[in-house]
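One structure is given below, encoded as structure tokens.
Given the structure is predicted, the values throughout are model-derived calculations rather than measurements.
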Protein chains: 2
Amino acid sequence: MSQKITLKKIAHDLKVSISTVSKALRDSHEISVETRNKIKVYAKKYNYKPNSIALSLKNQKTKKIGIIIPEIVHHFFATVISGIEKVANEKGYQVIICLSGESFAKEVVNMDVLANGSIDGFIMSLSKETMEKQDFHHLEEVLNQGMPIVMFDRVVEGIECDKIIIDDVAAAHSATEFLMRKGRKNLAIISTVDYVNVGRLRTKGFKEALEKRGMEFTENRVLKIENAENCSKEIDDFLKKDDYDGVIAVNELFAVIASKSLKKMGKSIPEDVAIIAFTDGILSKYASPTLTTIGQNGEDMGGLAATKLIERLESKEDVEESYETVIVKTSLVERESTPQ
Amino acid sequence: MSQKITLKKIAHDLKVSISTVSKALRDSHEISVETRNKIKVYAKKYNYKPNSIALSLKNQKTKKIGIIIPEIVHHFFATVISGIEKVANEKGYQVIICLSGESFAKEVVNMDVLANGSIDGFIMSLSKETMEKQDFHHLEEVLNQGMPIVMFDRVVEGIECDKIIIDDVAAAHSATEFLMRKGRKNLAIISTVDYVNVGRLRTKGFKEALEKRGMEFTENRVLKIENAENCSKEIDDFLKKDDYDGVIAVNELFAVIASKSLKKMGKSIPEDVAIIAFTDGILSKYASPTLTTIGQNGEDMGGLAATKLIERLESKEDVEESYETVIVKTSLVERESTPQ
DNA sequence: TGTTTCTACGAAAACGTTTTCGGCTTTTTA
DNA sequence: TAAAAAGCCGAAAACGTTTTCGTAGAAACA
């Protein structure tokens, strides 16, 4: 078990000073070619690599990005992380991941811990509880310390930082129009409670599309689910209340459950009822029938977030106050759950 | 934008020495109650938190765990991470995640980068390429430096470290027996190429179960898939070759694709063909029909890995050479794809 | 009064780097 | 031959902590 080698040990073994070793390894012309080679050979032999903690302390940069998200066992978030990691790694950054588990308290603690020097900046999507509480002091504190944040998906208006989102209203709007063009006239949406902004915005787009076509929007066309755990019965009951011929779901899980429920009721998909889901994930691709979805490319969103954050980290900090909100394009992926 | 406050600044502002501030904040009796309070109030006011990088350097401990896995967009790995994160966080550790993308080179680079002081230990599952190459020098180097590794799922015999696995042979064996007890006589397995150990071991269990019952095992009962990307056709062709009444798949994806393929061929599940999949993930739960699976509890495996690693990190390093391989129990989750 | 014991604080080292500056030799130039 | 320049290297500071040790002054003791 050979302990990690340091500049100091090399210096001692080779009977030169630490500064000489450091310079030699960085190919400084201040050091003679002879000495340089001797040191390099020795360093190579013992596989010297500079200690990153020491570098972080010296440079006041960690080359690490903190990610705080509600859950990781969630296809969308997993793709976002994957996108972040890819870009970050290319640019020499590592990612540290903390999960809030949808809890405000954990989000705050995690941010506190990471903000104490462990990372250079944050990429995050807020927990449900935070959205409900509307308490963002932890974000403001971090920003106030000069540490940049990039938010994605679950973002909030009041906070001044870069944001990566999809245009939920427009996407829901066009999905609704798509169904109407297919001749569907009695539409419903399975959404989340309003404090989750994506649910609220998607419902809004749905409503706008209906009204634009002069169709009636009533609240009973909307199911607002709070807890995804036991939503099967809720969805069952909701779908039985009327004879819908088109359903939009704000995520694939709701869509799959709705699909099963409808099949149980003897309806066939897409002939009797067409279904469109948000999030083009693994479920949509392999459900029966496969689901038409609005794809929000998580990988792209993550990549963008990382790019933006790193840009800000590496620019000379004087470009303050030019925060941007990037709207990522969605794409409609047609599959079996909507008619040709 | 108030810069982060340090001991030095507090000391300067309050006209005391840095050591006094440090001691006061750690409630040392060496400092008078008066001074202590003054310092604490000031620190609280400016929200002082010790810089974790400085602590890491001083203590030679980062309180960070490095995770290297092939992919994160994969339900099983996501659950493992979730399990690791939970336990780690409870014990005051953060997790740094690197993805190898199934590439040997990336795995090596990632390990190198993290091993240079960024973390205290590794939890990892090897990339396919690494398994194929059978080159583990990067693992040995890290272990040799005294940095502990805990491997899970894709592990390798030759390396001396803690391991968390499921008993793939036994699990496949009992799944096969389960099908036979249901009266199925013509069984097949959809597996991976042999260098992926889970595929090899599960195939082995399948074979053993057949032979134990005096049934014939032939290689044509086995489909070995190398690349999951375009396996649909392979599976189609394989299933057409014989009239199987029971299929075991080494992951849910293969099972879902097989299920679709069989339905297309006009077979009904589970009446004509029963299916069992490894990995109890989201697909199994929501596919049509829902899949009977062998659950390998990723969350538990992750939690165990984290517990083991942290134990080793915090024990006084003298308990060397007592490496353990923990075998996590699997559970058969019965759903619609097998008969009652 | 002289010695010892507390009390309360500061100086400095250590963790592993990088970099600035200063200085000693040797070579070049006038 | 003396001065200037170049070549080569080391000392030290800095990043932010914690901790050991030293010490000044005050209080207690003889």
Side-chain angles (χ1 to χ4, degrees), chain A residues 3-40 42-43 46-64 92 113 115-120 145-147, chain B residues 3-40 42-43 46-64 113-120 145-147:
Chain A
Q3 268 306 307
K4 209 65 194 136
I5 195 162
T6 66
L7 288 187
K8 193 196 271 196
K9 281 189 209 122
I10 299 182
H12 174 261
D13 293 356
L14 261 42
K15 308 204 189 311
V16 292
S17 77
I18 294 176
S19 14
T20 301
V21 179
S22 174
K23 287 174 191 165
L25 292 177
R26 322 192 88 241
D27 249 327
S28 161
H29 60 275
E30 283 186 32
I31 308 298
S32 71
V33 180
E34 209 180 355
T35 316
R36 246 187 278 176
N37 283 338
K38 183 179 63 178
I39 292 175
K40 281 197 208 161
Y42 197 84
Y46 288 98
N47 194 27
Y48 170 80
K49 298 275 170 53
N51 179 298
S52 74
I53 295 289
L55 284 180
S56 294
L57 186 58
K58 174 116 191 61
N59 302 331
Q60 299 287 80
K61 304 220 164 147
T62 62
K63 289 283 200 168
K64 296 198 185 358
V113 172
N116 295 319
S118 295
I119 59 163
D120 296 338
Q145 278 176 197
M147 182 172 287
Chain B
Q3 268 306 309
K4 211 57 195 140
I5 195 161
T6 66
L7 287 187
K8 193 196 270 195
K9 278 188 211 124
I10 299 182
H12 175 260
D13 293 355
L14 261 41
K15 307 203 190 312
V16 291
S17 77
I18 295 177
S19 15
T20 302
V21 179
S22 174
K23 288 174 189 166
L25 293 177
R26 325 192 87 239
D27 250 326
S28 162
H29 60 276
E30 283 186 31
I31 308 299
S32 70
V33 180
E34 210 180 356
T35 316
R36 247 187 277 175
N37 283 337
K38 184 178 63 178
I39 291 175
K40 280 198 209 161
Y42 197 85
Y46 288 97
N47 194 28
Y48 170 80
K49 298 272 172 54
N51 180 298
S52 74
I53 296 289
L55 284 180
S56 294
L57 186 59
K58 175 115 191 58
N59 301 332
Q60 299 288 79
K61 304 222 163 145
T62 61
K63 289 281 200 171
K64 296 199 187 352
V113 172
L114 289 188
N116 293 318
S118 295
I119 59 164
D120 297 337
Q145 279 175 194
M147 183 173 287

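Among the atoms of the strands shown, only primed sugar atoms or phosphate atoms (P, OP1, OP2) are found under 4.0 Å from some heavy atom of T6(A). Counting any heavy atom pair closer than 4.0 Å across all strands shown, K58(A) reaches a base atom. Q60(B) comes within 4.0 angstrom of the backbone, heavy atoms only, and of no base.
With sequence neighbours left out, the ring pair (Phe, Tyr, Trp, His ring centres under 6.0 Å) criterion links Y48(B) to no other residue. In this structure, the side chain to side chain contact (heavy atoms under 4.5 Å, CB included) partners of N47(B), at least two apart in sequence or on a different chain, are E141(A), K49(B). Applying the side chain to side chain donor-acceptor pair (under 3.5 Å) test to S28(A) and every residue at least two apart in sequence or in another chain returns nothing. Contacts of K9(B) classified as salt bridge (Lys or Arg N to Asp or Glu O under 4.0 Å), with partners at least two apart in sequence or in another chain: none. Remark: K23(A) pairs with E30(A) by the side chain to side chain donor-acceptor pair (under 3.5 Å) rule, at least two apart or across chains. Considering only residues two or more places apart in sequence or on other chains, K38(B) meets the salt bridge (Lys or Arg N to Asp or Glu O under 4.0 Å) condition with none of them. Residues forming a side chain to side chain donor-acceptor pair (under 3.5 Å) with T35(B) (at least two apart in sequence, or on another chain): S32(B). In this structure K58(B) satisfies the side chain to side chain contact (heavy atoms under 4.5 Å, CB included) test with no other residue, sequence neighbours excluded.
Each end of the helix from dT1(C)-dA30(D) to dA30(C)-dT1(D) gets its own axis from five base pairs, and the two axes differ in direction by 70°, given to 10 degrees.
Taking a 4.0 Å limit (strictly below) on heavy-atom distances, residues 10-18 of chain B reaches DNA chain C at V16(B), S17(B). Within a heavy-atom distance below 4.0 Å of DNA chain C, the residues of residues 47-57 of chain B found are L57(B).
On the nucleic acid side, DNA chain D has its first and last nucleotide under 4.0 Å of a heavy atom of chain A at dC8(D) to dG16(D), going 5' to 3'.
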